[in-house]
Amino acid sequence: MNNFIEELRWRGMLQDMTAGIEEHLNKGKATAYLGFDPTADSLHIGHLVGVMTLLHFQRAGHQPVALIGGATGMIGDPSFKSAERNLLDEETLDRNIAGIQKQLEKFLDFGSDKPNQALLVNNYDWMAGFSFLEFIRDVGKYITVNYMMAKDSVKRRLEEGNGLSFTEFTYQLIQGYDFYHLWKHQNCSIQLGGSDQWGNIVTGTELIRKKEGGEAYALTVPLITKADGSKFGKTEGGSVWLDPEKTSPYAFYQFWLNVSDADAAKYIRIFTTLDREAIEALEKEHAEGPHLRLLQKAIAKDVTIRIHSEADYEMALKASGILFGKSSLEDLASLDERTFLQVFDGVPVMPVERSSYLNAENVVELLCTDQTIFASKGEARKLIQGGGLSINKIKITDPHAKPEIPLLQETYLLVQKGKKNYFIITITG
RNA sequence: GGGGGAAUACCAAAGCGGCCAACUGGGACGGACUGUAAAUCCGUUGACUUAUGUCUUCACAGGUUCGAAUCCUGUUUCCCCCA
């Protein structure tokens, strides 16, 4: 059994913890929980820090509990949000919970043969039947309004003058009660969470102490930041999801590969399970040849395989080589149709009839068959004149030239607008 | 309520009768370089068109003029000062 706290500490995943937690953990197997909001049917990589925290907890021999906030998700945490959330209906919640559970199984061992098997609980199960009267009598009684108002999350909302609804105000009590419930019924003595959850977590420890004189602990992990100050986990396309339907394994792999040097050393500790020696060796190598981006590749590989699969990783690697390597028409043509379509999965497609392809006066006309690739012919012409357009990896320089480019698989043209924007023209008919 | 000023393309900001599709900066997008990076440099940034031409733009609606983003009238909105 390795030391959970030590592990988090060297990985830079320790933000704050309550006194006595180390001693408590040293006594033997403990149980900790961490909550996920079921706001979507998939987790995104922002959730990954929490998931990894639970993973380390289990690897340290302890029992992790993933709590899905079926009840709290109906309310919305006021922490660091400026406006109240829309309430989710039950049907959506059920779907979201199922999706999230499936993803958690890739990290945590839910096998019942383990003494420290992971558990998945849904606070809706114990909150749904809780009557208002019972709640204010059994829970509300122990926590003063003064205490609740002193929380940063609440204080901020009051100061901003927008106010917050009673429902939101109650959030910390519900979360506090979750902790109490798990403490009471699952012997769960620790709540883990992002640093923004600190206030909510200690409301729980407070409740446990006041209600039953019990001991409970809190531990938070830092919010992930980027060196350039922009928000972590976002691309132009939005969040990076774990669900391959929302973010393709290729895009997922690319996200990690594009992490900046400044962030890579931090992220490899947080998002992979590589041990300290391996990471330090990689860092050393990376420092000698930063352009090889060994750290980024290591993170991308580890995370992609875990979330998706070895095969998805291979595919992403292959796709990246074709898209960004010094690949040629031959490389493209060497792909069989199935692989080609997988590599370019998610790329916008513009269907063109074979007759209009054959009759096209020039490249621009072909490219502007509809608005998929360019909004106007002028735009297409300008880009071509600026040297920014390739078809099947061949740079087009003359907007008036006839589109005499061999089709891939007799059917496809791969259009490259700039370096990173790909489109496929499918010749039909 | 009285007085003054302003409204320009994604944003900021010039232009104040023809040389204005509109200076410049930022952003965005492309190119070169590179590590699918940062920094730097270069180009594009209303639409159409075989470029050197046409069409629609400078709050809105009218007007003056051969000709207006630029002058006049009205409308709307915003800002400042005095009450």
Side-chain angles (χ1 to χ4, degrees), chain A residues 45 225-238 240 247-268 282-301 303-304 312-328 331-332 343-348 359-403 414-423:
Chain A
I45 58 175
T225 54
K226 274 171 68 174
D228 66 6
S230 58
K231 200 163 156 53
F232 170 77
K234 298 279 182 197
T235 63
E236 313 97 81
V240 179
T247 300
S248 75
Y250 163 73
F252 186 85
Y253 173 83
Q254 280 288 321
F255 171 83
W256 295 104
L257 195 65
N258 279 315
V259 164
S260 73
D261 289 357
D263 293 320
K266 192 167 69 185
Y267 294 172
I268 197 168
L282 269 170
E283 280 182 304
K284 212 167 163 186
E285 262 191 274
H286 184 269
E288 282 163 20
H291 63 283
L292 297 174
R293 287 186 291 161
L294 286 171
L295 281 176
Q296 286 91 335
K297 283 178 184 165
I299 302 173
K301 178 179 178 183
V303 185
T304 307
D312 285 323
Y313 162 70
E314 299 289 346
M315 183 59 68
L317 198 61
K318 188 164 182 179
S320 300
I322 288 167
L323 267 51
F324 297 106
K326 33 185 187 309
S327 60
S328 62
D331 294 323
L332 267 181
V343 166
F344 294 102
D345 183 40
V347 162
N359 296 329
E361 285 292 318
N362 56 49
V363 202
V364 171
E365 194 178 307
L366 176 70
L367 290 170
C368 295
T369 302
D370 67 26
Q371 313 259 290
T372 308
I373 306 179
F374 290 105
S376 72
K377 289 188 184 175
E379 192 187 325
R381 211 172 285 119
K382 277 166 195 156
L383 193 80
I384 290 173
Q385 279 160 356
L389 191 112
S390 299
I391 296 180
N392 288 350
K393 288 280 169 191
I394 299 164
K395 186 168 278 192
I396 306 297
T397 48
D398 180 7
H400 312 305
K402 284 208 149 211
L414 178 70
V415 178
Q416 203 175 344
K417 187 176 155 189
K419 263 180 198 154
K420 295 190 187 178
N421 305 304
Y422 288 87
F423 300 87

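A quick note: this is a predicted structure, and the numbers were derived from the prediction, not measured.
Contacts of A:E379 with the nucleic acid, taken as non-hydrogen atoms under 4.0 Å apart, are absent. Heavy atoms of A:L292 sit nowhere under 4.0 angstrom from any nucleic acid atom.
In this structure, A:Q254 and A:N362 both approach RNA chain B, and ranking their closest nucleotides by distance from the 5' end singles out A:Q254. In terms of position along RNA chain B, the nucleotide closest to A:G418 lies nearer the 5' end than the nucleotide closest to the other residue of the pair A:G418 and A:A375.
The listed nucleotides are B:U50, B:U36, B:A47; the one nearest the side chain of A:S320 is B:U36. For A:P290, the listed nucleotide lying nearest its side chain is B:G35; candidates were B:A47, B:G35, B:U34.
The gap from the C1' atom of B:G43 to that of B:A7 amounts to 32 Å, rounded to the nearest Å. Nucleotides B:A37 and B:A32 place their C1' atoms 16 Å apart, quoted to the nearest Å. Using atom P as the reference point in both B:G26 and B:U77, the two lie 36 Å apart (nearest Å). Nucleotides B:U54 and B:C19 are separated by 13 Å at their P atoms, to the nearest Å. Nucleotides B:G2 and B:G74 place their P atoms 15 Å apart, quoted to the nearest Å. Look at the P atom in both B:C23 and B:A14: the space between them is 14 Å, to the nearest Å. Annotation: B:C10 and B:G46 have their C1' atoms spaced 13 Å apart (nearest Å). With C1' as the reference atom, B:U75 and B:A6 are 16 Å apart, rounded to whole Å.
The pairing partner recorded for B:U40 is B:A32, the criterion being a Watson-Crick or G-U wobble arrangement whose two distances lie under 3.5 angstrom. With a 3.5 Å ceiling on both atom-pair distances, the Watson-Crick or G-U wobble partner of B:U45 is B:G27. The nucleotide B:U57 finds no pairing partner, because no Watson-Crick or G-U wobble arrangement with both distances shorter than 3.5 Å includes it. The nucleotide B:G17 finds no pairing partner, because no Watson-Crick or G-U wobble arrangement with both distances shorter than 3.5 Å includes it. Pairing for B:G1 is with B:C82, a Watson-Crick or G-U wobble pair whose two hydrogen-bonding atom distances lie under 3.5 Å.
Side chains of A:D263 and A:K266 form a contact here, defined as non-hydrogen atoms less than 4.5 Å apart. By the 4.5 Å heavy-atom criterion applied to side chains, A:V303 and A:I45 are not counted as neighbours.
In this entry the distance linking CG of A:N421 with P of B:A28 reads 14 Å, nearest Å. What separates NZ of A:K420 from C1' of B:G31 is a distance of 15 Å, to the nearest Å. Distance, A:K417 NZ to B:A28 P: 16 Å, rounded to whole Å. Rounded to a whole Å, the NE2 atom of A:H286 is 13 Å from the P atom of B:G35. With rounding to whole Å, A:I373 atom CD1 is found 16 Å from B:G30 atom C1'. Atom CG in A:D261 sits about 13 Å away from atom P in B:A39, given to the nearest Å. Counting to the nearest Å, the P atom of B:A38 and the NZ atom of A:K226 are 11 Å from each other. Spacing between atom CG of A:L294 and atom P of B:U36 amounts to 14 Å, rounded to whole angstrom units.
Under 4.0 angstrom from either OP1 or OP2 of B:U36 there lies no side-chain N or O belonging to A:H291. Distances shorter than 4.0 Å separate some side-chain N or O of A:K382 from OP1 or OP2 on B:A47. Using a 4.0 Å cut-off, some side-chain N or O of A:K377 falls inside it from OP1 or OP2 of B:U49. Contact annotation: A:R381 reaches the phosphate of B:U49 (side-chain N/O to OP1 or OP2, under 4.0 Å). Look at A:R293 and you won't find any side-chain N or O under 4.0 angstrom from OP1 or OP2 of B:A37. Neither OP1 nor OP2 of B:A38 sits under 4.0 Å from any side-chain N or O of A:S260. One finds a side-chain N or O of A:K395 lying less than 4.0 angstrom from the OP1 or OP2 phosphate oxygen of B:A32.
The nearest pair of heavy atoms linking A:R293 to A:L257 is NH1-O, 3.3 Å. Closest of all the heavy-atom pairs between A:Q296 and A:S260 is NE2-C, 3.8 Å. Among all heavy-atom pairs drawn from A:L367 and A:L389, the shortest one is CD1-CD2, 3.7 Å. The nearest pair of heavy atoms linking A:L295 to A:A264 is CB-CB, 3.9 Å.
The base of B:U44 does not come close enough to the side chain of A:Q385 for any donor and acceptor atom to sit less than 3.5 Å apart.
Partner of A:Y422 under the side chain to side chain contact (heavy atoms under 4.5 Å, CB included) criterion, out of A:V343, A:L323, A:V415: A:L323 alone.
A cation-pi arrangement, defined by a distance under 6.0 Å to the six-membered ring centre and an angle within 45 degrees of its axis, is present between A:K417 and A:F374.
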